[in-house]
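Convention: sequence-line order gives letters A, B, ...; per-chain numbering from 1.
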Protein chains: 2
Amino acid sequence: MSLTARQQAILDYITETVATQGTAPTRSEIARAFGFRSPYASECHLKALEKKGAIELVGGAARGIRLAGTHAARPAELPLVGRVAAGSPILATEHIERHYRIDDSLFRARPDYLLRVHGESMRDAGILDGDLLAVRQTPEARPGQIVVARIEDEVTVKRFEQDGPRVRLLPENPDFAPIEIDLERQELAIEGIGVGVLRDLELQ
Amino acid sequence: MSLTARQQAILDYITETVATQGTAPTRSEIARAFGFRSPYASECHLKALEKKGAIELVGGAARGIRLAGTHAARPAELPLVGRVAAGSPILATEHIERHYRIDDSLFRARPDYLLRVHGESMRDAGILDGDLLAVRQTPEARPGQIVVARIEDEVTVKRFEQDGPRVRLLPENPDFAPIEIDLERQELAIEGIGVGVLRDLELQ
DNA sequence: CGGATGACTGTTTATAAATACAGTATCCCG
DNA sequence: CGGGATACTGTATTTATAAACAGTCATCCG
């Protein structure tokens, strides 16, 4: 069921009020904004909007208008992980430098955190020193994916290739050597897979 | 002036209420949450928080508590510009594919829009085909910056170098030739400068 | 034509909520 | 030791707000 033009206008007004004032308008405020001489006109529109699922009315509460879908549209807060100390989990609080809000629909896979990349080993994949890698936390990787791996307490970003029990972590830079791991002898912890890259181009 | 532990707890409660309920709590709701037997206790804390600049109280309005700084922290909505048709302005509505919310503190310079990059000409600068370039709209560029330029109705992304009236737009890929422009003969429109790069690493 | 829907007016009422006053208790600081 | 800040209680008052009723006036639709 779609909204009428008037209902849409009122929904827009509510959305804007929430955005600018931080709180929903009262019936009287809506009436004033639209020139209604009765707050009951607003009431009727709100009821219609609620029936159509555009808003949710909280009974008995002042300014109790909740915008539907606001919850889902709110962008996720991604923690930025700086250098990871040996032996501690990636998402330990002491590694988290700050949080960034980023629309999670920006990447096809939803990331769980941002990791600052150090070094030039993935240069030819367009991942440079200082870039932020958006990482999805998962212990499984498929060949060809860019992974965040932990080898002997060192966290590294490489391209993942697997051939049975033999895993290869490939840099994307001829100056660096691939890392070969025999899963039967050595341990390899996949911390996550890269789903996106963010770079700040500083303007000098 | 810093907040006391109690004041911080109450500020946190307000922040959380705004996030989950979409509206600020009343004095009574705060009192209920903290076990105060009088709403005036909440009132005093709110006044203290206002005096310290943590919130703003809207007099006479129900639930009139505005969180300070919420305005600045709200992530900007950046329009994503796809292919730009010849002769039309970059931010023409028909080029805008969608909007993304991105924390503008992610980049040192605040971007105005996102532009999808086509081609491999900036490969060695870590800007690959399909990447999104966060662009700050400005007609001025300094040497070394990555610019969005328009030459004969074609929009292109290159590194900017200038030597008096002679401008060079440098690709970052040996397979591409630099573009030389004599400002006294040819026209060059700088649409903006690149302030950041965003890439979606698809997971196949 | 007649009924349904949308968009209101004018008025009323109960309740939600802001806001104030007068105290009490505790703690820290000089 | 006294003053100021913090953290409350209990009660009171006014204002803001939600919510409802009974209508009016259009418009659309079969």
Side-chain angles (χ1 to χ4, degrees), chain A residues 1-70, chain B residues 1-70:
Chain A
M1 197 153 36
S2 68
L3 304 182
T4 68
R6 205 67 167 149
Q7 285 164 1
Q8 185 61 55
I10 286 171
L11 182 59
D12 289 347
Y13 174 72
I14 297 169
T15 308
E16 198 194 301
T17 304
V18 169
T20 59
Q21 312 297 313
T23 185
T26 66
R27 274 70 166 163
S28 301
E29 284 168 2
I30 297 174
R32 217 172 305 140
F34 284 86
F36 306 157
R37 291 199 230 168
S38 164
Y40 190 58
S42 316
E43 181 78 29
C44 290
H45 281 122
L46 293 178
K47 289 238 176 88
L49 283 168
E50 185 179 37
K51 204 185 294 180
K52 292 185 179 179
I55 59 171
E56 189 186 334
L57 292 173
V58 183
R63 299 173 187 273
I65 304 172
R66 227 174 275 179
L67 290 164
T70 295
Chain B
M1 198 156 33
S2 68
L3 303 181
T4 68
R6 204 64 167 150
Q7 285 164 1
Q8 185 61 56
I10 285 171
L11 182 60
D12 289 346
Y13 173 72
I14 297 169
T15 308
E16 197 194 302
T17 304
V18 169
T20 59
Q21 313 294 315
T23 186
T26 66
R27 275 69 165 162
S28 300
E29 283 167 3
I30 297 173
R32 216 172 306 142
F34 285 86
F36 306 157
R37 291 198 228 170
S38 164
Y40 190 60
S42 316
E43 182 76 29
C44 290
H45 280 122
L46 293 178
K47 289 236 177 89
L49 284 168
E50 185 179 37
K51 203 185 294 178
K52 292 184 179 179
I55 61 171
E56 190 186 333
L57 291 174
V58 182
R63 299 175 188 274
I65 304 172
R66 227 175 275 178
L67 290 164
T70 295

request  = Taking ring pair (Phe, Tyr, Trp, His ring centres under 6.0 Å) as the test, write out the residues that go with Phe36(B), two or more places apart.
outcome  = Phe34(B), His45(B)

remark   = So CG of Leu49(B) and CZ of Arg6(B): to nearest 0.5 Å the spacing works out to 12.0 Å

message = Less than 4.5 Å apart, side chain to side chain, heavy atoms only: is that true for Ile14(B) and Leu46(B)?
response = yes

query = Within less than 4.0 Å of OP1 or OP2 of dA5(D), is there a side-chain N or O belonging to Thr4(B)?
reply = no

remark   = Minimal heavy-atom distance between Pro39(A) and Ser28(A), with the atoms involved, is CB-OG, 4.2 Å

remark   = Whole-Å distance, Arg37(B) CZ to dG23(C) C1', equals 15 Å

Atom pairs under 3.5 Å: protein N/O with N/O of nucleotides 17-20 of chain D:
unit_1  : atom_1 : unit_2   : atom_2 : d
dT17(D) : OP1    : Arg63(A) : NE     : 3.4
dT17(D) : OP1    : Arg63(A) : NH2    : 2.6
dT17(D) : OP1    : Ala62(B) : N      : 3.1
dA18(D) : OP1    : Arg27(A) : NH1    : 3.4
dA18(D) : OP1    : Arg63(A) : N      : 2.7
dA18(D) : OP2    : Arg27(A) : N      : 3.0
dA19(D) : OP1    : Gly60(A) : N      : 2.6
dA19(D) : OP2    : Arg27(A) : NH2    : 3.0
dA20(D) : OP2    : Lys47(A) : NZ     : 3.0

key: Any His45(B) side-chain nitrogen or oxygen under 4.0 Å from OP1 or OP2 of dT6(D)   = no

ask   = Among residues 5-15 of chain A, which contact DNA chain D at a heavy-atom distance under 4.0 Å?
value = none

message = Tell me whether Arg63(A) contacts the main-chain N or O of Ala62(B) through its side chain, where contact means a donor paired with an acceptor under 3.5 Å.
response = yes

query = Using the C1' atoms of five pairs at each end, what's the angle between the two axes of the helix from dC1(C)-dG30(D) to dG30(C)-dC1(D), to 10 degrees?
reply = 30°

key: Nearest-Å distance for atom pair CG/C1', residues Leu46(A) and dA7(C)   = 14 Å

ask   = Does Glu29(B) use its side chain to pair, donor to acceptor, with the backbone of Thr26(B) at less than 3.5 Å?
value = yes

ask   = Taking side chain as C-beta onward, heavy atoms only, is Leu57(B) less than 4.5 Å from Ile65(B)?
value = yes

request  = Would you give the length of the straight line joining atom CD1 of Ile10(B) to atom OG1 of Thr4(B), rounded to the nearest 0.5 angstrom?
outcome  = 7.5 Å

task = Counting heavy atoms from C-beta on, name the nucleotide in dC8(C), dT9(D), dG6(C) closest to the side chain of Ala41(B).
result = dT9(D)

ask   = Given side chains that start at C-beta, do those of Val18(B) and Thr23(A) come closer than 4.5 Å, heavy atoms only?
value = no

ask   = Could you give the CD1-to-P distance, from Ile55(B) to dA18(C), as a whole number of Å?
value = 11 Å

query = How would you list, by chain and number, every residue that makes a side chain to side chain donor-acceptor pair (under 3.5 Å) with Glu56(A), sequence neighbours excluded?
reply = none

message = Test of understanding: with salt bridge (Lys or Arg N to Asp or Glu O under 4.0 Å), list the residues that count as partners of Glu43(A), not counting sequence neighbours.
response = Arg27(A), Lys47(A)

